[in-house]
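Notes follow the structure.
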Amino acid sequence: MDLSRYFENDDGSLPEIEIEFSSAESLQRAFSYFFDLGAENIAVNGSYLWLRKERREEPFSGAGDAALVTDGEAESFHVVLGSINVDSHELPALGVFVDPTSLVIDYRMGQDWSRVKVGAFVNLLKSLTALGGNVSVARWWGVNGQKDFSRYLGSGA
């Protein structure tokens with residue numbers, strides 16, 4: 001059994017994987033890691049974040065924007081990232097929602113997810129775990145999905 005069934009059939013949904021962090025620094029390092037892997041903002045109209053004190057919207061400017069969220073200066077935001085390279089494989093676009101304690105990754109299922117790209121994505125999740133994240137798919141894929149992902153992430157069942 002592999003994880004392909006969680007990626008291969010585009011049913012129109014955007015499954016979510018939540019990575020919870022115990023510290024703001026870990027979350028910031030994890031978000032920056034996407035950009036270390038070549039991530040680029042590919043949101044159709046760009047992405048924006050709401051600055052609380054200034055009460056205004058500002059265009060997404062890069063990895064450092066996660067610190068604005070963890071420091072309480074900006075509201076949580078969502079960005080669509082492309083050009084993420086893991087193990088010499090470019091992953092399909094990933095949505096990343098940044099909130100003060102977690103990153104929530106969403107993805108479009110379908111033919112863009114080859115077995116090799118699913119493996120590269122699992123390696124990305126392993127790296128985020130090594131940076132202090134706790135990966136959960138249970139809200140979307142249920143208890144059995146969590147067991148399947150945990151087995152591949154090396155975190156037991």
Side-chain angles (χ1 to χ4, degrees), residues 1-50 60 63 65-66 68-70 74-87 89-157:
M1 211 282 313
D2 62 39
L3 296 177
S4 294
R5 68 187 179 119
Y6 297 103
F7 294 87
E8 63 192 7
N9 192 15
D10 184 358
D11 62 4
S13 66
L14 293 171
E16 295 180 349
I17 297 174
E18 184 174 2
I19 303 108
E20 191 80 32
F21 294 88
S22 59
S23 75
E25 295 78 22
S26 293
L27 184 144
Q28 292 166 21
R29 275 196 312 274
F31 189 61
S32 290
Y33 185 64
F34 286 96
F35 296 89
D36 295 343
L37 297 173
E40 297 176 7
N41 177 9
I42 61 166
V44 174
N45 294 315
S47 293
Y48 292 85
L49 50 154
W50 181 259
F60 173 77
D65 287 353
L68 296 173
V69 174
T70 59
E75 294 289 333
S76 301
F77 66 88
H78 184 270
V79 63
V80 180
L81 300 176
S83 302
I84 300 169
N85 275 283
V86 180
D87 304 332
H89 300 284
E90 186 173 320
L91 298 179
L94 300 175
V96 182
F97 181 77
V98 179
D99 80 16
T101 61
S102 67
L103 300 176
V104 180
I105 298 172
D106 63 72
Y107 60 94
R108 169 78 58 209
M109 296 169 28
Q111 61 189 8
D112 290 340
W113 287 100
S114 65
R115 188 176 289 242
V116 174
K117 288 184 181 184
V118 170
F121 182 68
V122 168
N123 286 340
L124 170 63
L125 294 176
K126 285 180 180 179
S127 295
L128 297 176
T129 300
L131 291 169
N134 183 25
V135 175
S136 175
V137 300
R139 188 178 302 162
W140 192 270
W141 293 115
V143 174
N144 289 335
Q146 186 65 47
K147 287 180 182 176
D148 291 342
F149 272 82
S150 292
R151 189 169 25 258
Y152 280 88
L153 293 171
S155 50

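Position 1 is the first residue of the sequence, and the numbers go up from there.
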**Item:** Distance (rounded to the nearest 0.5 Å) between T70 OG1 and L27 CG
**Value:** 6.5 Å
**Complete:** What one should report as the nearest heavy-atom pair of T101 and D99 is N-OD1, 2.9 Å
**S4 backbone acceptor or donor facing R115 side chain under 3.5 Å** = no
**Message:** Taking ring-ring contact (aromatic ring centres under 6.0 Å, His included) as the definition, give me every residue that meets it alongside F35, ordered by chain and number, with sequence neighbours left out.
**Reply:** F31
**Message:** Listing request: all salt bridge (charged side-chain N to carboxylate O under 4.0 Å, His left out) pairs with a residue in residues 119-145, at least two apart in sequence or in separate chains.
**Reply:** E18-R139
**Prompt:** What residues, two or more places apart in sequence or in another chain, satisfy side-chain hydrogen bond (donor to acceptor under 3.5 Å, both in side chains) together with S22?
**Reply:** none
**Asked** Can you tell me how far the OG atom of S26 sits from the CD1 atom of I19, to the nearest 0.5 Å?
**Response** 12.5 Å
**Asked** Do P15 and M109 have side-chain heavy atoms sitting under 4.5 Å apart?
**Response** yes
**Asked** Among all residues two or more places apart in sequence or in another chain, which pass the ring-ring contact (aromatic ring centres under 6.0 Å, His included) test with W113?
**Response** F7, Y107, F121
**Message:** Measuring only between side-chain heavy atoms, which start at C-beta, is V135 closer than 4.5 Å to I17?
**Reply:** yes
**Request:** Answer with yes or no whether the side chains of Q146 and S150 bring together a donor and an acceptor at under 3.5 Å.
**Result:** yes
**Asked** Could K117 and D112 be called an ion pair, given the rule that one side-chain N must be under 4.0 Å from one carboxylate O?
**Response** no
**Request:** List the steps and the verdict of side chain to side chain contact (heavy atoms under 4.5 Å, CB included) for V118 and D2.
**Result:** CA-CA 9 Å; V118 170; D2 62 39; over 6 Å; no
**Asked** Between F60 and F77, is the gap from one ring center to the other below 6.0 Å?
**Response** yes
**Request:** Would you check if the side chain of S127 reaches a backbone N or O of N123 as a donor-acceptor pair within less than 3.5 Å?
**Result:** yes
**Item:** S13: partners by side-chain hydrogen bond (donor to acceptor under 3.5 Å, both in side chains), with sequence neighbours left out
**Value:** D11
**For E75, all residues meeting salt bridge (charged side-chain N to carboxylate O under 4.0 Å, His left out), sequence neighbours excluded** = R52
**Message:** Looking at every heavy atom in both L131 and Y33, which two are closest together, and how far apart are they?
**Reply:** CD1-CB, 3.9 Å
**Request:** Step by step, work out the side chain to side chain contact (heavy atoms under 4.5 Å, CB included) result for I105 and L128.
**Result:** CA-CA 11 Å; I105 298 172; L128 297 176; 4.1 Å; yes
